A.B. asks: 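Before I ask anything, here is the structure I am working with.
If you're wondering where the values come from, they're calculated on a predicted model, not measured in any experiment. Scope of the values below: all heavy atoms of this structure, side chains included, with no hydrogens, waters or symmetry mates.
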Amino acid sequence: MMKSRLPQSEFAARRAHLMAQLPAGGVAIVPGARMQNRNRDVEYPFRQDSDFYYLTGFNEPDAVLLLLPGRSDGEMVLFCQGRDAEMEIWHGYRTGPEGVVQHYGADEAHAVADIDQRLPELLDGHRSICYSIGTDDAFDGRVRQWLKTVRSRSRQGAVAPVELVMLDPLLHELRLFKSEAEIGLMREAGTISAQAHERAMQRCRPGLFEYQLEAEISHHFAMHGCHLPAYSSIVGGGANGCILHYTENRDALRAGDLVLIDAGCELEYYAGDITRTFPVDGRFGPEQKQLYELVLRTQLACIELVRPGVLWNEVHDLSVQMLTAGLVELGLLEGDVDTLIEAGAYREFYMHRLGHWLGMDVHDVGDYRVAGEWRPLQPGMVMTVEPGLYVSPHNERVEPRWRGIGIRIEDDVLVTETGCEVLSAAAPKSVAEIEQLMARAQQS
C-alpha cells in the first residue's frame, strides 16, 4: 500500500488538534473505507476515507481509529487487518498491528477481527462517543452494538457513554485550513493538472473523440504519479459543454466547436480541479470569443477579490454582477442589470455557484456559513473560482449564433496572508495564449 510523503509528525499534530477539541470524557471513532465490488469478482480501486487518512496516513481497508485523549496507555488505538501470509499472496502486503505501531504512530494496535471484543472495553468510562453519525448505516449499527455491549456490563461496574457527538464539525473545520505541507502537495497537483490541460490543447484536432482527449489527460496524470483523477473527467465538445457534469466523453470533436475540459489529478490524496475551454480547431469564432472573454474577465476579477476578510458570497456576487451585465451588453438578456439579478434571469446561462472548497475531496469539507452568516475567507483556505456561461442549444430566446456554446474557466486558488495564489496558473487561458499554443502544435 502507498506510504504518504507527508511526515508522521503531520498526522500526529492533526490528531492532537482534534483531541484538544473533543468534549471532556469524549472518545473519537473514525472508520476507514472498505473495498467495494465493481462487478462479479472485481473490486473498485481502493481509496481510503478522507477523514481517516487525514488523521492516520494509513492506506489499507477495513481499519478503525480510536482516539482516547489523556489515556495513560496511549491515546491512539488502531484496528487493522492482521497479517495473513495466504491472503497477502493474493492481495498484497499488509502492515499488520505491529507495523502500525512501528510506522504509523499508533500507541496500540489490534487485528480488526478482534474489534467487537476489544473496542467496548476501551469505551468503558468515557462520557461521549464522537463519531460521524449517518455517514455509514452499517457502521452506525456496529457503534450501537458496542455501546449496547458496554451497557450490558453495568453490573460488573462498566460505565457506558451517555451521549453521541457529531465529529464532523470539529474534524472538517481542521481540514478546511491547509498546512504548508498540504499546500505543497496541492501546488504540485495544480501544476500536474495544468500540464495535462496544456497537453490536451496541443493534441486536439477535429475528428478526434472526446475520450481520446480524456486519455491524453489520464496518461499525463499517471506518468506523474497520479494513479487516478480526483473525479471523473469532463470532456464536452460543442453542445456537450453545456451539460455541467457530462462524463460520457464519447462524441467526435468538430471543427468550429469549443471543447470544455474539467479535469484534475489526485496526488497523495489531494485534488487538482481545473476547467479550460478552447476551440477544437485552434481558433475562436466571433461569438465564442465574446462569451469567452466575458467569462475570463469575470474570473480574473473574482480571483483579484480573493483575500482574507472577504466574505465567501462576495466573490460569487461579483461573478453574477459581471456576467449579467455582459449578457445584457451582448444582447442575450434585456433589461436593467440589478432587476435581472433580483429576478434570477442569469440562471438560464449561469446556474451554479462560483466555486467550492478544495482539498482531499474535490468538493472539500468545511462550512460556507458560520452562525448563519457567510464566512470570511482566511489564510490556508483553498477554493475554486469557476464562472461559466452555457447557452443551451434549445434556447430559442437567443439568436441561433449563440446556441450550443458552453464555457467554464476554473482555477484552484489559495487564500494567503496578503491576497491569494493561483495554484493552477500554468494552464493557458487567454485567447492569445490558447490560439498560439494550438497553432504551434498543429505546425509541429
Side-chain angles (χ1 to χ4, degrees), residues 1 4 11 14-15 17-19 21-23 25-38 43-69 76-81 104 106 110 112-113 115-116 118-120 122-123 126-150 160-178 182 228 230-232 245 266 269-271 273 356-370:
M1 290 289 182
S4 174
F11 298 103
R14 295 169 179 177
R15 294 191 295 270
H17 289 153
L18 178 61
M19 285 189 286
Q21 297 184 55
L22 297 183
V27 54
I29 301 176
V30 185
R34 300 185 292 271
M35 296 297 296
Q36 300 289 334
N37 285 342
R38 180 181 184 274
E43 295 167 322
Y44 284 105
F46 179 70
R47 204 277 190 184
Q48 186 60 277
D49 175 81
S50 294
D51 284 343
F52 181 90
Y53 190 84
Y54 179 80
L55 294 170
T56 65
F58 186 61
N59 193 43
E60 296 182 23
D62 301 322
V64 178
L65 171 67
L66 198 63
L67 295 177
L68 305 114
M76 177 187 178
V77 179
L78 203 148
F79 294 87
C80 64
Q81 293 178 330
Y104 291 91
H110 304 283
V112 73
I115 194 170
D116 290 335
R118 292 184 176 273
L119 195 140
L122 293 165
L123 294 180
H126 289 273
R127 175 177 175 78
S128 306
I129 296 176
C130 304
Y131 162 67
S132 296
I133 305 160
T135 302
D136 182 332
D137 289 341
F139 200 84
D140 286 354
R142 300 190 73 185
V143 172
R144 287 195 297 270
Q145 186 59 47
W146 295 328
L147 183 57
K148 183 178 179 181
T149 299
V150 183
V162 296
E163 64 181 1
L164 291 173
V165 176
M166 282 295 292
L167 186 62
D168 296 8
L170 301 177
L171 179 52
H172 292 173
E173 186 72 8
L174 290 178
R175 282 180 53 190
L176 177 59
F177 295 91
K178 276 59 179 181
E182 290 178 288
L228 292 171
Y231 52 97
S232 297
H245 291 161
E266 182 174 278
Y269 278 82
Y270 287 86
D273 185 6
H356 51 79
W357 302 133
L358 184 69
M360 296 183 74
D361 296 312
V362 68
H363 288 174
D364 208 28
V365 295
D367 291 332
Y368 295 91
R369 289 178 179 265
V370 177

A.B. asks: What's the spacing between Ile129 CD1 and Leu167 CG if we round to 0.5 Å?
C.D. replies: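 One gets 12.0 Å once the value is rounded to the nearest 0.5 Å.
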A.B. asks: Taking ring-ring contact (aromatic ring centres under 6.0 Å, His included) as the test, write out the residues that go with His363, two or more places apart.
C.D. replies: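 For His363 the ring-ring contact (aromatic ring centres under 6.0 Å, His included) partners, ignoring immediate neighbours, are His356.
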A.B. asks: Tyr104 and Thr56: which non-hydrogen atoms are nearest, and at how many Å?
C.D. replies: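 Looking at all heavy atoms of both residues, the closest pair is CD2-O, 3.7 Å.
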A.B. asks: Restricting to non-hydrogen atoms, name the atom on Asp49 and the atom on Pro31 that form the minimum distance, rounded to 0.1 Å.
C.D. replies: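 Asp49 and Pro31 have their closest heavy atoms at OD2-O, 3.9 Å.
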A.B. asks: Between Glu266 and Leu228, is there a side-chain heavy-atom distance shorter than 4.5 Å?
C.D. replies: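 Counting from C-beta outward, Leu228 and Glu266 never come under 4.5 Å.
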A.B. asks: For Phe52, what residues pass the ring-ring contact (aromatic ring centres under 6.0 Å, His included) criterion, not counting sequence neighbours?
C.D. replies: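 So Phe52 forms no ring-ring contact (aromatic ring centres under 6.0 Å, His included) with any residue.
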A.B. asks: Answer yes if the side chains of Tyr269 and Gln48 hold a donor-acceptor pair under 3.5 Å, and no otherwise.
C.D. replies: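 Their side chains do not contain a donor-acceptor pair, so the 3.5 Å distance test is not met.
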A.B. asks: Among all residues two or more places apart in sequence or in another chain, which pass the salt bridge (Lys or Arg N to Asp or Glu O under 4.0 Å) test with Arg144?
C.D. replies: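 Listed in chain order: nothing, the list is empty.
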A.B. asks: Write down the atom of Phe79, the atom of Leu122, and the distance for their closest heavy-atom approach.
C.D. replies: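 Taking every non-hydrogen atom into account, CZ-CD1, 4.1 Å.
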A.B. asks: Do Thr135 and Asp51 make a side-chain contact, defined as non-hydrogen atoms from C-beta onward lying under 4.5 Å apart?
C.D. replies: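 A side-chain contact under 4.5 Å is absent here.
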A.B. asks: If we count only N and O atoms by modelled type, under 3.5 Å, do the side chains of Asp367 and His172 hold a donor and an acceptor together?
C.D. replies: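 Asp367 vs His172: no donor-acceptor pair found between side chains.
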A.B. asks: To the nearest 0.5 Å, how far apart are CZ in Phe177 and CD in Glu182?
C.D. replies: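 If we round to the nearest 0.5 Å, Phe177:CZ and Glu182:CD are 12.0 Å apart.
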A.B. asks: What distance do Ile115 atom CD1 and Leu66 atom CG have between them, rounded to the nearest 0.5 Å?
C.D. replies: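 Here the interatomic distance stands at 8.0 Å.
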A.B. asks: Check salt bridge (Lys or Arg N to Asp or Glu O under 4.0 Å) between Asp168 and all other residues, then give those that pass, not counting sequence neighbours.
C.D. replies: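 In terms of salt bridge (Lys or Arg N to Asp or Glu O under 4.0 Å), with neighbours along the sequence ignored, Asp168 is linked to no residue.
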A.B. asks: Could you grab the distance from atom CZ of Phe58 to atom CG of Leu78, nearest 0.5 Å is fine?
C.D. replies: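 Result: 6.0 Å between the selected atoms.
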A.B. asks: Mind checking whether Asp364 and Leu176 have side chains closer than 4.5 Å, heavy atoms only?
C.D. replies: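 Not touching, per the 4.5 Å side-chain cut-off.
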A.B. asks: Give the minimum heavy-atom separation between Tyr231 and Asp273, together with the two atoms involved.
C.D. replies: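 Minimum heavy-atom separation between Tyr231 and Asp273: OH-OD1, 2.8 Å.
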A.B. asks: Are there more than 12 heavy atoms of other residues, nucleotides or ligands under 6.0 Å from atom CZ of Arg127?
C.D. replies: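 No.
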A.B. asks: If we ignore hydrogens and angles and just use 3.5 Å, is the side chain of Asp140 paired with the main-chain N or O of Gly134 as donor and acceptor?
C.D. replies: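 Yes, the answer is positive, given that a donor and an acceptor are paired below the 3.5 Å cut-off.
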A.B. asks: Under the salt bridge (Lys or Arg N to Asp or Glu O under 4.0 Å) rule, collect the residues that match up with Asp116, sequence neighbours excluded.
C.D. replies: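 Result, salt bridge (Lys or Arg N to Asp or Glu O under 4.0 Å) vs Asp116: Arg142.
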A.B. asks: Say you draw a straight line from CZ of Arg175 to CH2 of Trp357; how long is it, rounded to the nearest 0.5 Å?
C.D. replies: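 With rounding to 0.5 Å, CZ (Arg175) is 13.5 Å from CH2 (Trp357).
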A.B. asks: A side-chain contact here means heavy atoms from C-beta on lying under 4.5 Å apart; do Val143 and Ile133 qualify?
C.D. replies: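 No, side chains not in contact.
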A.B. asks: In terms of heavy-atom contacts, does CZ of Arg369 have more than 12 from other residues, nucleotides or ligands at under 6.0 Å?
C.D. replies: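 Check passes, neighbour count above 12.
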A.B. asks: To the nearest 0.5 Å, what is the distance between CG (Leu67) and CZ (Arg15)?
C.D. replies: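 If I round to the nearest 0.5 Å, the distance is 7.5 Å.
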A.B. asks: So which atom in Pro23 and which in Val165 form the shortest heavy-atom distance, rounded to 0.1 Å?
C.D. replies: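 So the minimum-distance heavy-atom pair works out to CG-CG2, 4.3 Å.
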A.B. asks: Tyr131 vs Phe139 aromatic rings, parallel, tilted or perpendicular, using cut-offs 30° and 60°?
C.D. replies: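 Rings of Tyr131 and Phe139: tilted, 30 to 60°.
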A.B. asks: For Ala271 versus Leu358, what's the shortest heavy-atom pair and its separation?
C.D. replies: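 That would be O-CD2, 3.6 Å.
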A.B. asks: Who pairs with Arg118 by salt bridge (Lys or Arg N to Asp or Glu O under 4.0 Å), at least two apart in sequence or on another chain?
C.D. replies: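 If we apply the salt bridge (Lys or Arg N to Asp or Glu O under 4.0 Å) test to Arg118, skipping adjacent residues, there are no hits.
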